[in-house]
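To keep things clear, I will list the structure first and then write my remarks on it.
What you see is a predicted model, and the numbers here were worked out from it, not measured in a lab.
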Amino acid sequence: MVKMDARNIQELKEWIAECKTLTKAQLHSYGNTLKQNKEVNEAVYKVFESTENELRDSVCGQLFEFYRSQDPECKRFCLQYIPSILYYYLTTVAANRNRSTGRIEALLLAMYNLDLVNADGTPKMRTFIIPTLAKPSIYHEPVHLSTVALTETALSSHQKGETHVIKCDPYPQEEVITSQNRFSVLSHVLYIYNANIAKMPKPSHEMLCKMCSRLCSTGYSKKPKSQTNTLSPTSSVDSVTVNGYHDNQPRIGLHPDFMVEMLNGIYFVMFNGQSKAGLAALEDIHSRASQELYSEVLMVTNAIKNSNPAGESADDPIGISISLTPSTPVVSRAAITNASNIVILASQTPPMQYNIQ
């Protein structure tokens with residue numbers, strides 16, 4: 001945990017007092033200036049990194065007002081602190097200090113409930129399309145009907161390949177966070193962050209990697225791949241301390257849906273400036289999923305690891321590289337005939353040596 005100095009505390013007090021004087025018309029221009037104020041940004045991060053802070057409730061209240069204003073810039077300013085807020089909240093709940101999380105829960109519930117409705121208050125209907133092998137994608141080419149027999153089975157499978165839009169029922173709104181709905185709310189809040197992750201600053205991406213590593217490895221012994229007694233100093237981001245434990249803190253319970261949302265964000269930051277920290281967080285998530293036997297999480301972690309077998313750098317593109325087969329066969333100008341093949345083999349064969357006695 002990080003302790004705030006007197007300068008950070010004074011900056012936050014002045015910032016909170018300044019925000020209370022803002023009108024609704026001034027929020028947009030003020031939101032643009034917040035991105036340039038590095039002192040305030042660093043101070044807000046430290047609020048959620050410290051164990052005891054008297055300004056945490058005031059900061060959460062101001063973030064709640066910014067998010068409720070629906071101004072895009074103020075909303076993004078709040079979203080960048082979601083990894084820090086989630087880490088502090090889950091560690092506090094694991095340590096049975098729920099009394100100090102009232103304002104944080106109100107902020108998380110506001111983010112959750114406001115995303116479930118449209119501007120006019122009607123519930124949002126989420127839609128998605130199930131991918132089909134009959135349609136081309138960057139990963140495959142569909143089977144053409146001209147190359148297969150026009151049987152009844154082939155025609156029916158081609159007709160079933162048409163895309164269908166699936167509509168999901170709106171999520172239920174929540175009034176309080178309980179042990180039953182905690183991770184459904186937190187998973188959706190992290191989903192909101194991932195939807196805007198491309199617009200988040202670099203410190204927010206760094207905190208996302210730290211959050212994932214810390215949540216997955218706190219309370220667990222960490223060993224390198226060689227399974228020796230010595231600890232690997234670069235195995236994770238701030239997840240290993242003395243004797244392989246993280247400050248002797250209790251283990252933090254995680255839901256597989258929440259861990260899958262963690263992987264969605266990690267996969268993006270791995271190729272956008274956080275390759276080393278992202279890979280370390282991926283290993284920590286994979287190790288935790290292996291211990292918990294979360295099959296859906298292991299499927300995603302293995303997919304990410306297999307799509308990046310050589311450890312691509314942050315400048316490499318996301319995904320896999322494929323080569324599409326041409327529609328018409330290409331014949332080389334230097335066609336190999338039987339005669340040319342014999343000449344090539346003769347030139348490559350070393351001369352035989354005879355020992356004449």
Side-chain angles (χ1 to χ4, degrees), residues 48 79 81-95 101 104-105 108 111-112 115 126 128 168 171 174 177-197 200 204-223 225 235-240 245-246 249-272 274-308 318:
F48 299 104
L79 290 177
Y81 301 109
I82 283 182
S84 301
I85 295 173
L86 292 178
Y87 172 70
Y88 175 80
Y89 175 70
L90 288 175
T91 52
T92 304
V93 171
T101 60
I104 293 181
E105 289 185 348
L108 294 173
M111 294 179 176
Y112 172 80
D115 191 68
R126 300 191 179 275
F128 64 93
C168 297
Y171 291 95
E174 304 291 350
I177 296 180
T178 62
S179 58
Q180 287 77 19
N181 66 1
R182 176 175 292 120
F183 277 103
S184 62
V185 173
L186 299 185
S187 299
H188 191 80
V189 171
L190 191 56
Y191 164 81
I192 300 172
Y193 175 84
N194 290 334
N196 299 269
I197 194 171
M200 296 295 104
S204 182
H205 292 172
E206 294 176 354
M207 189 58 206
L208 175 66
C209 298
K210 292 181 179 180
M211 178 202 74
C212 296
S213 290
R214 291 171 176 175
L215 291 180
C216 292
S217 56
T218 296
Y220 288 85
S221 60
K222 186 73 175 181
K223 293 183 179 180
K225 295 182 179 180
S235 57
S236 63
V237 182
D238 294 341
S239 59
V240 179
Y245 293 90
H246 184 73
Q249 295 180 6
R251 296 178 180 180
I252 301 172
L254 296 176
H255 194 272
D257 294 341
F258 183 77
M259 297 178 70
V260 170
E261 284 298 332
M262 292 164 58
L263 289 170
N264 291 335
I266 290 298
Y267 188 54
F268 177 87
V269 301
M270 279 174 56
F271 297 90
N272 290 272
Q274 301 295 327
S275 58
K276 184 178 179 180
L279 287 172
L282 175 63
E283 291 294 337
D284 288 330
I285 297 174
H286 181 78
S287 176
R288 177 65 181 272
S290 301
Q291 293 173 344
E292 300 285 355
L293 298 179
Y294 289 154
S295 58
E296 54 268 59
V297 182
L298 290 173
M299 181 176 64
V300 180
T301 54
N302 285 322
I304 297 176
K305 294 171 70 174
N306 292 330
S307 67
N308 186 33
I318 294 179

Search all heavy atoms of [X] against all heavy atoms of [Y] and return the closest pair with its distance.
{"X": "Leu208", "Y": "Tyr193", "value": "CD2-CE2, 4.0 Å"}
{"X": "Cys209", "Y": "Gln274", "value": "SG-CB, 4.1 Å"}
{"X": "Pro250", "Y": "Thr218", "value": "O-CG2, 3.6 Å"}
{"X": "Ser187", "Y": "Asp257", "value": "OG-C, 3.9 Å"}
{"X": "Ser290", "Y": "Leu298", "value": "OG-CD2, 3.4 Å"}
{"X": "Leu254", "Y": "Phe183", "value": "CA-CZ, 3.7 Å"}

To the nearest 0.5 Å, tell me how far [X] [atom1] sits from [Y] [atom2].
{"X": "Tyr267", "Y": "Leu282", "atom1": "OH", "atom2": "CG", "result": "10.5 Å"}
{"X": "Glu105", "Y": "Ile85", "atom1": "CD", "atom2": "CD1", "result": "12.5 Å"}
{"X": "Phe268", "Y": "Asn194", "atom1": "CZ", "atom2": "CG", "result": "10.0 Å"}
{"X": "Ile104", "Y": "Phe48", "atom1": "CD1", "atom2": "CZ", "result": "5.5 Å"}
{"X": "Asn272", "Y": "Ile197", "atom1": "CG", "atom2": "CD1", "result": "8.0 Å"}
{"X": "Leu263", "Y": "Met270", "atom1": "CG", "atom2": "CE", "result": "10.0 Å"}

Going by the rule side chain to side chain donor-acceptor pair (under 3.5 Å), which residues pair with [X] if we only count those two or more places apart in sequence or in a different chain?
{"X": "Glu296", "value": "none"}
{"X": "Asn181", "value": "Glu174, Thr178"}
{"X": "Asp115", "value": "Arg126, His188"}

Between [Y] and [X], is there a side-chain heavy-atom distance shorter than 4.5 Å?
{"X": "Leu108", "Y": "Leu86", "answer": "yes"}
{"X": "Met111", "Y": "Val185", "answer": "no"}
{"X": "Leu186", "Y": "Leu90", "answer": "yes"}
{"X": "Met200", "Y": "Ile82", "answer": "no"}
{"X": "His255", "Y": "Arg182", "answer": "no"}

Carboxylate-amine/guanidinium proximity below 4.0 Å for Arg288 and Glu292: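 Looking at Arg288 and Glu292, the cut-off is met.
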Could you verify whether a donor N or O on one side chain and an acceptor N or O on the other, from Tyr220 and Ser287, lie under 3.5 Å apart?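 There is no such pair (donor and acceptor under 3.5 Å, judged by atom type) between the side chains of Tyr220 and Ser287.
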Donor-acceptor pair between Asp284 and Ser217 side chains, under 3.5 angstrom: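 On atom types as modelled, these side chains do not qualify, holding no pair under 3.5 Å.
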Under the side chain to side chain contact (heavy atoms under 4.5 Å, CB included) criterion, do Ile177 and Tyr112 qualify, and how do the steps go? CA-CA 11 Å; Ile177 296 180; Tyr112 172 80; over 6 Å; no
If only atom types and distance count, is the side chain of Ser307 paired as donor or acceptor with the main-chain N or O of Ile304 below 3.5 Å?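 Answer holds: yes.
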Walk me through it: do Asn302 and His286 pass the test side chain to side chain contact (heavy atoms under 4.5 Å, CB included)? CA-CA 8 Å; Asn302 285 322; His286 181 78; 3.3 Å; yes
